[in-house]
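One structure is given below, encoded as structure tokens.
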Amino acid sequence: MTTFTTGTDTLTRDALAVLQPGFAGTTAPDWVRRRVGEGLASVALFGRNVTTAEQVTALTAQLRAERDDLLVAIDEESGDVTRLEVRTGSSFPGNHALGAVDDTDLTRGVARELGRRLAECGVNFNWAPSADVNANPDNPVIGVRSFGGDTALVARHTAAYVEGLQSTGVAACTKHFPGHGDTGVDSHHAIPHIDLDATTLHERELQPFRAAIAAGTRAVMSAHIRVPVLDPDRPATLSRRILTDLLRGELGYEGLIVTDGMEMRAISGAYGLEHGVVLAIAAGADAICVGGGLCDEGTVQSLQDALVGAVRSGELSEERLADAAARVRALAAWTADVRRSPDATVRPEPEIGLTAARRATTVTRARGSAPVTGPVYVATFNPEANIAVGDETPWGVGAELERLLPGTSTGSFTGPDAGDEALKAAAGRRVVAVVRDEHRHPWMRTALDTLLAADQDTVVVEMGVPQSAPRGALHIATYGAARVCGVAAAEAVVEG
């Protein structure tokens with residue numbers, strides 16, 4: 001029989017304080033506002049909560065009417081993973097594009113402008129940057145979310161991003177500790193295993209996190225991955241060896257530890273949501289990310305009950321829960337203090353995202369290729385979107401080429417017959433083929449083979465990790481599929 005906890009006792013307030021739940025709707029539900037009054041210290045925004053910047057500003061004002069120092073979190077990596085611009089595509093290229101440019105001042109400036117816009121909307125906690133070293137090009141979930149495959153590059157850009165974002169009073173949350181870059185499994189679906197030796201782990205995966213800690217990152221997010229060299233039994237999110245002994249002890253990190261989304265099957269499927277939350281706090285996590293899928297008051301109640309029940313049964317120490325809650329409140333106080341500071345104003349740089357996307361774009365021209373001078377047919381080859389990116393956000397170059405080359409038309413294709421279908425739809429017109437991680441999708445490679453065999457003047461735009469060799473009359477690599485990457489690619493098509 002479940003015993004529901006209510007009221008404002010210290011234990012209940014601490015259990016609420018460690019939760020970072022999501023909710024449905026574009027205004028603050030009554031239950032969320034009530035829970036904030038009872039001790040909830042954080043809420044999380046997702047794409048479903050966003051229509052416009054003005055609406056988000058009104059929403060966060062509603063929430064802060066209940067608690068001035070409330071942490072309002074968002075998963076705004078920019079690039080392929082955007083919540084603030086979920087329906088239009090991001091105004092900023094993602095990490096891989098910034099890594100391709102390799103200008104830390106630019107990365108710092110992009111993060112600062114992103115932070116300025118988040119702060120202006122009342123968002124003060126961003127689950128970014130991704131500090132994963134993209135060691136496995138076939139990684140199904142990180143890819144362009146990483147600055148790259150070189151450890152030193154990832155480390156210096158992670159630090160620059162943290163510095164830029166936090167200069168606006170928005171707390172950075174460096175993820176996914178101890179490093180999600182060498183996985184071949186998406187932890188939204190199952191528990192990935194990273195079979196590394198200790199030397200590789202310390203010299204490659206952990207270096208960007210060391211850099212983030214040195215740069216003062218206010219939060220670190222755990223990964224739902226199993227790393228046997230560190231803990232053969234439990235994934236990082238539930239591992240005391242990884243969160244407490246390694247992150248706190250060996251790396252000397254004192255800030256907030258946040259879990260990745262606890263509904264992800266790597267945790268909820270293997271341990272159960274409620275038990276997983278208890279294990280995470282016991283292992284050393286301070287804040288529980290939940291709400292990407294489950295976003296109702298019943299979820300908050302069940303997790304609160306699970307934490308209180310675990311303390312009362314002796315499974316979780318009251319001191320550990322109190323310490324976790326104190327760390328959440330300390331971060332909330334920091335963001336509130338910065339927001340009230342007269343020095344918190346940041347000069348707008350509205351064009352920096354497009355500037356960065358243009359600088360990242362790489363163009364390879366085949367000898368003797370004909371320039372693009374008139375309308376084209378844009379064939380976009382759509383892979384299945386991973387859950388982190390989602391399928392709501394538009395991508396590609398079609399809309400921009402329709403503007404730049406009047407008479408251009410577009411189509412979307414997938415599967416083993418995609419190339420033939422695109423050729424038929426193009427009806428003899430010159431084709432601009434848009435792909436995303438061609439190297440990971442054999443059907444996509446076959447589609448390009450078909451198009452290029454039919455017309456060597458086919459233009460190829462790669463908006464994922466440019467792992468495959470450039471081909472086509474013109475090959476354009478954008479290192480990401482943000483809206484601004486599409487603008488930069490379309491400009492490159494026209495300029496030839």
Side-chain angles (χ1 to χ4, degrees), residues 16-36 40-92 111 114-130 145 165-166 168-173 175 218-219 221 256 258-264 287-297 299-300 303 328 331-332 335-336 339 387-393:
L16 273 175
V18 302
L19 303 179
Q20 291 190 345
F23 55 88
T26 55
T27 58
D30 289 343
W31 72 263
V32 172
R33 296 168 72 175
R34 184 177 69 256
R35 292 290 184 171
V36 170
L40 189 67
S42 313
V43 296
L45 302 185
F46 295 88
R48 63 174 177 261
N49 305 119
V50 176
T51 54
T52 65
E54 293 75 18
Q55 169 266 322
V56 175
T57 304
L59 169 58
T60 58
Q62 272 188 305
L63 292 165
R64 290 223 167 79
E66 307 299 325
R67 179 176 184 149
D68 183 58
D69 67 346
L70 184 73
L71 283 173
V72 179
I74 198 167
D75 191 10
E76 184 56 57
E77 297 177 19
S78 296
D80 289 28
V81 179
T82 178
R83 308 301 179 228
L84 204 59
E85 298 180 279
V86 65
R87 290 170 183 82
T88 61
S90 180
S91 301
F92 305 96
L114 171 62
R116 186 193 68 80
R117 296 188 194 184
L118 290 173
E120 199 171 61
C121 292
V123 177
N124 55 7
F125 188 22
N126 191 13
W127 294 327
S130 173
R145 300 167 67 195
L165 186 68
Q166 291 189 167
T168 67
V170 175
C173 183
K175 61 189 184 185
R218 295 282 168 172
M221 178 177 282
L256 192 75
V258 186
T259 71
D260 206 344
M262 295 297 283
E263 306 103 310
M264 294 164 65
I288 299 296
C289 171
V290 65
L294 300 172
C295 55
D296 58 292
E297 185 176 13
T299 298
V300 172
L303 297 184
V328 174
L331 181 59
T335 61
R339 192 174 77 250
I387 292 174
V389 174
D391 57 9
E392 293 178 272
T393 306

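For the single chain, residues carry numbers from 1 onward in sequence order. On a predicted model such as this, the values are computed, not experimentally measured, just so you know.
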Sub-3.5 Å donor-acceptor pair from the side chain of [X] to the main-chain atoms of [Y], do we have one?
X	Y	value
Q166	R218	yes
R116	T168	no
E392	R87	no
N124	L71	no
T393	V86	yes
E66	V36	no
N126	E76	yes

Taking side-chain hydrogen bond (donor to acceptor under 3.5 Å, both in side chains) as the test, write out the residues that go with N49, two or more places apart. none
Could you report the tightest heavy-atom contact between [X] and [Y], atom names first, then the distance?
X	Y	value
G22	W31	O-CH2, 4.0 Å
V258	A219	CG2-CB, 4.3 Å
V328	A17	CG1-O, 3.4 Å

Measure the spacing between [atom1] of [X] and [atom2] of [Y] and express it to the nearest 0.5 Å.
X	Y	atom1	atom2	answer
E263	T299	CD	OG1	7.5 Å
L59	E54	CG	CD	13.0 Å
S78	R83	OG	CZ	11.0 Å
S42	R67	OG	CZ	8.0 Å
I74	C121	CD1	SG	8.0 Å
L63	L45	CG	CG	7.5 Å

Is the shortest heavy-atom distance from the side chain of F125 to the side chain of T335 under 4.5 Å? no
Above 12 or not: heavy atoms from other molecules or residues under 6.0 Å from CG of D68? yes
Tell me which pairs pass salt bridge (charged side-chain N to carboxylate O under 4.0 Å, His left out) where either residue lies in residues 287-297, with sequence neighbours left out. R34-E297, R35-E297
May I ask you to check whether S91 and E85 show a side-chain donor-acceptor distance below 3.5 Å? yes
Going by an N to O cut-off under 4.0 Å, is there a salt bridge joining E77 and K175? yes
Can you check side chain to side chain contact (heavy atoms under 4.5 Å, CB included) on V170 and V123, steps first, answer last? CA-CA 7 Å; V170 175; V123 177; 5.5 Å; no
